[in-house]
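One structure is given below, encoded as structure tokens.
In what follows, every heavy atom counts, from backbone to side chain, and hydrogens, waters and symmetry copies are set aside. No experiment lies behind these values; they were computed from the predicted model shown.
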Amino acid sequence: MILEVAILEIKPGLAEEFETAFKTASSIIASMSGYISHELQRCIETPNRYILLVHWQTLEDHTVGFRLSPEYQQWRSLLHNFYDPFPRVEHYQVV
């Protein structure tokens, strides 16, 4: 299992709109092959910062299966306009 971790910095004043769009986008990612689970958490100290944690069966389920899919284009159109800067995404595995 792989854990995708993304720190999302949302443009000021758009947090509520982002959360609404994310609810729609959640069904997209949840429908992908290799998807296990995800959660979005909002930072207490910096309210426009979120952390997205997504569990995938394999790295390729995320980097190839999701990112190269038509569904990713829908995800991108719903969410990418909220980020500033664009998030750095890293992948982790249990040791």
Side-chain angles (χ1 to χ4, degrees):
M1 181 173 60
I2 299 297
L3 175 63
E4 170 196 354
V5 177
I7 305 294
L8 310 175
E9 300 285 346
I10 304 305
K11 295 173 186 172
L14 296 180
E16 189 174 316
E17 189 178 339
F18 166 72
E19 290 180 18
T20 299
F22 188 85
K23 287 178 186 174
T24 301
S26 289
S27 65
I28 295 170
I29 200 168
S31 73
M32 298 306 299
S33 178
Y35 165 88
I36 297 171
S37 66
H38 75 277
E39 62 182 275
L40 180 70
Q41 296 188 22
R42 188 175 192 174
C43 181
I44 294 169
E45 293 82 10
T46 309
N48 67 316
R49 181 178 298 148
Y50 295 78
I51 187 168
L52 173 61
L53 307 170
V54 186
H55 286 99
W56 296 97
Q57 290 180 7
T58 68
L59 177 64
E60 292 75 20
D61 287 330
H62 177 233
T63 60
V64 178
F66 180 53
R67 285 197 179 158
L68 298 181
S69 71
E71 290 86 354
Y72 179 75
Q73 299 309 315
Q74 294 173 320
W75 170 274
R76 195 172 91 174
S77 70
L78 282 167
L79 299 177
H80 285 201
N81 61 307
F82 291 106
Y83 307 143
D84 186 27
F86 193 78
R88 181 172 142 193
V89 176
E90 297 180 315
H91 300 90
Y92 295 82
Q93 60 187 5
V94 175
V95 294

How long is the straight-line distance from [atom2] of [Y] back to [atom1] of [X], given to the nearest 0.5 Å?
X: L53; Y: Q41; atom1: CG; atom2: CD; value: 6.0 Å
X: S33; Y: E60; atom1: OG; atom2: CD; value: 12.0 Å
X: Q74; Y: S27; atom1: CD; atom2: OG; value: 8.5 Å
X: I10; Y: C43; atom1: CD1; atom2: SG; value: 12.0 Å
X: F22; Y: L52; atom1: CZ; atom2: CG; value: 5.0 Å
X: I7; Y: Y83; atom1: CD1; atom2: OH; value: 12.0 Å

From the list Q57, H55, H91, side chain to side chain contact (heavy atoms under 4.5 Å, CB included) with H62 holds only for H91

Please, which pairs that meet side chain to side chain donor-acceptor pair (under 3.5 Å) have at least one residue in residues 12-25, sequence neighbours excluded?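 Listed once each, the pairs are E19-R42, E19-Y50.
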
Quick one, L8 with I51, criterion side-chain contact (heavy atoms from CB on, under 4.5 Å). Give me CA distance, side-chain angles, the key distance, then yes/no. CA-CA 6 Å; L8 310 175; I51 187 168; over 6 Å; no

Can you list everything that forms a ring-ring contact (aromatic ring centres under 6.0 Å, His included) with Y35? Sequence neighbours excluded, please. H38

Work out which heavy atom in [X] is nearest to a heavy atom in [Y]; give both atom names and the distance.
X: P47; Y: A15; result: O-CB, 4.4 Å
X: A21; Y: F82; result: CB-CE1, 3.8 Å
X: Y72; Y: F66; result: CB-O, 3.0 Å
X: L40; Y: F18; result: CD2-CE2, 3.8 Å

Judged by atom type as modelled, is there a donor-acceptor pair below 3.5 Å linking the side chain of T58 to the main-chain atoms of D61? yes

Determine yes or no for a side-chain-to-main-chain donor-acceptor pair under 3.5 angstrom, with K11 supplying the side chain and N81 the backbone. yes

Under a single-linkage definition using a 4.5 Å side-chain heavy-atom cutoff for Ile, Leu, Val, Met, Phe, Trp and Tyr, are V5 and F86 assigned to the same hydrophobic cluster?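 No; F86 is not reachable from V5 via cluster members.
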
Is L3 linked to M32 within one hydrophobic cluster, defined over Ile, Leu, Val, Met, Phe, Trp and Tyr using a side-chain heavy-atom separation of less than 4.5 Å?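 No, L3 does not connect to M32 through the hydrophobic network.
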
Does the pair L78 and I28 meet the rule for a side-chain contact (heavy atoms from CB on, under 4.5 Å), with working shown? CA-CA 10 Å; L78 282 167; I28 295 170; 3.7 Å; yes

